[in-house]
Amino acid sequence: MNIVVCLKQVPGTTEVKINPETNTLIRQGIKNIINPFDSYALEEGVRLKEKFGGKVTAISMGPAQAVDMLKETISLGADEAVLLSDRAFAGADTWATAYTLAGAVRKMGQIDLIICGRQSTDGDTAQVGPEMAEMLGAAFTAYVCQIEEISAGQMRVKRMMDEGYEIIQSTLPAVITVTKEINIPRLPSLRGVMKSKSAKIPIWTLQDMGLDPKKVGLNGSFTRVVKIFTPQHDKKAEMIHGEPEIQVTCLLGKLREGGLA
Amino acid sequence: MQYFLTDEQKTIKELARKLAEERILPVRAHLDEAEEFPWPIIKDMADSDLFRVFVPAEYEGLGGGCLELSLVVEELSRVCSGVAISYAATALGSYTLMDFGSEELKRKFLPDIAAGKKLCAFALTESTAGSDASGIRTTAEKVEGGYLLNGTKQFITNGGEAELYTIIALTDKSKGPRGASAFMVEKGTPGFTFGKKEKKMGIRASATCELVFQNCLIPEGNIIGRPGMGFIMAMKLLDKSRPGVGAQALGIAQGALEAAYEYTSQRIQFGQAIINQPVVQSMLADMSIQVEAARALIYAAARYADSGAKDITESSAAAKVFASDVAMRVTTDAVQLCGGAGYMKDYPLEKMMRDAKITQIYEGSNQVLRSAVAAELRKRKAKS
């Protein structure tokens, strides 16, 4: 099986602070990590390769520093990794990101399965996977928590919905996004780490993939981030003390005052 | 402190720490309480290539020496020395094979050991043979088709869980220690069974068990080295493995120091964190100095052993004795600094204190090893 895993480098914390003056993420002092959901995608890809043979290629669109993350994917079992990096890719929204990733997949030729994490922990949109599937004309299933069977150009997966599970049969090639229930990602191996240190990570640019400059980065984005801000929590709580009867009377009085009762 | 570790050694240490913190830390209290052998963690260690560290490259290992092994043991022990010793005992159980075994025997077993598919154990101790290893009674009689083993080994780490056992037994009773030989015995060999599983004060996640041999026939090819060399090989092995026991003690002490630092920084008494008290700072400083001194001695002893030097008895014994005494003192002080909380099972300190004790006892009690160091002193004096 030829498998591609898409990964994103994200700040290693879920409590990202925002600079209130510039409305941008404060990245200083925060280590970048593999988007946690993507590490499940990588593990699943590596497990499928171990079972069916083939190759796992990790790809990421991002700045040059994402090379470190891609080297880490080699230590975790990926055979190869490619970074998609170009000034023109900067400021991409989910559509432009999906377009760029899809361009890389097309360049690779015959791919059986593309695995993504269900969403990133910084953007949280969960859109890149499905958009990419649409662009590649591949079958798509989101929230996969188990791959039940793969045979004869078909795959059967179990996906996790809010109200239960769905079993879905689809054709290959396919794109899936996975949840954290699908596996427990392995730790890196020593031989993997040593291999990853000397691994060469090729960088593919706009030109390398023959993409339309109008469809990538900020130019190709349908959406713009106008503002990022931390919601103001200026509501005040008032504690009412005293005997239960007094508390009830007091509360009722306040509700009436506010026209709520 | 800077120990000038190579990139590869740093990678090994970092990965062992990552594994310990992510896989062992969440379950260490349970493993201790339940006396449960840590099979899922052994699997993780195998997948991370940790068992390859001490195996030569030609048998699918990474070709590391005492230092690399010590780095792994230190990091695992920082979180749980019960788990660490289950790993280290495999190195102990395979060193004799690696150093003295036939090519055929090494080809047969080492790749599986490197892959972590088979754990090992080393069996010298018997009820009559502790510090005086020459008191062994287990016999290996040469018969048609191999050797017939009879006897009982006691307190064997990884006993029952390991697949491969290095057994020291007498092939010639009349020669005493010079009549001992070493054998590789596989679990499941007819006549080889397990006796009592011990309940222990510390390192409770590890398995300690009796090995019972009743007319157990093992192939002639399973002898390691020449007949009669068993005792000498065992002594050489223990010289080589002692820095590793020191590293176990070092890891325990490091873990206790960190836990005590954290607790004293957070514990508020008299309106402030108790770490602000000079008496507490003084204790923490002493603990830290001792831990660092132990580390320096162990790394130096391990490097000396890896240099190929033959006279490693004294340096290895010194490293083991010093580090294990440090571990006992530091864990005791760590419990003291954490007060009532340190004594309770909700905190890791009391476990560390229980775990530390064995490092002063096994692989040569500190008293016996001090005698060995003293003997080397006298030898030097006599030569000068």
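Order of the sequence lines fixes the chain letters, A, B, ..., with proteins taken first and strands second; residue numbering starts at 1 for each chain.
- Heavy atoms of A:Arg191 lying under 4.5 Å from chain B belong to its backbone as well as its side chain.
- Environment of NZ in A:Lys107: crowded, with over 12 heavy atoms of neighbouring residues, nucleotides or ligands closer than 6.0 Å.
- Contacts between residues 10-19 of chain B and chain A, defined by a heavy-atom separation under 4.5 Å, are made by B:Thr11, B:Ile12, B:Leu15, B:Lys18, B:Leu19.
- Residue-environment remark: CD1 (A:Ile184) stays at or below the threshold of 12 foreign heavy atoms within 6.0 Å.
- Dense packing is recorded around CZ of A:Phe52, with more than 12 heavy atoms of other residues, nucleotides or ligands lying under 6.0 Å away.
- Residues of residues 42-59 of chain B that come closer than 4.5 Å to chain A, counting heavy atoms only, are B:Asp47, B:Ser48, B:Asp49, B:Leu50, B:Arg52, B:Val53, ordered by residue number.
- Taking a 6.0 Å sphere around CZ of A:Phe140, one finds it holds more than 12 heavy atoms contributed by other residues, nucleotides or ligands.
- Around atom CG of A:Asp124, more than 12 heavy atoms belonging to other residues, nucleotides or ligands sit under 6.0 Å away.
- Nearest heavy atom pair, residue B:Glu8 against residue A:Met194, reads CG-CE, 3.1 Å.
- Sparse packing is recorded around CD of B:Glu262, with 12 or fewer heavy atoms of other residues, nucleotides or ligands lying under 6.0 Å away.
- Surrounding CD of B:Gln266 are more than 12 heavy atoms belonging to other residues, nucleotides or ligands, all under 6.0 Å away.
- When the shell of 6.0 Å around CD of B:Gln2 is examined, it contains more than 12 heavy atoms from other residues, nucleotides or ligands.
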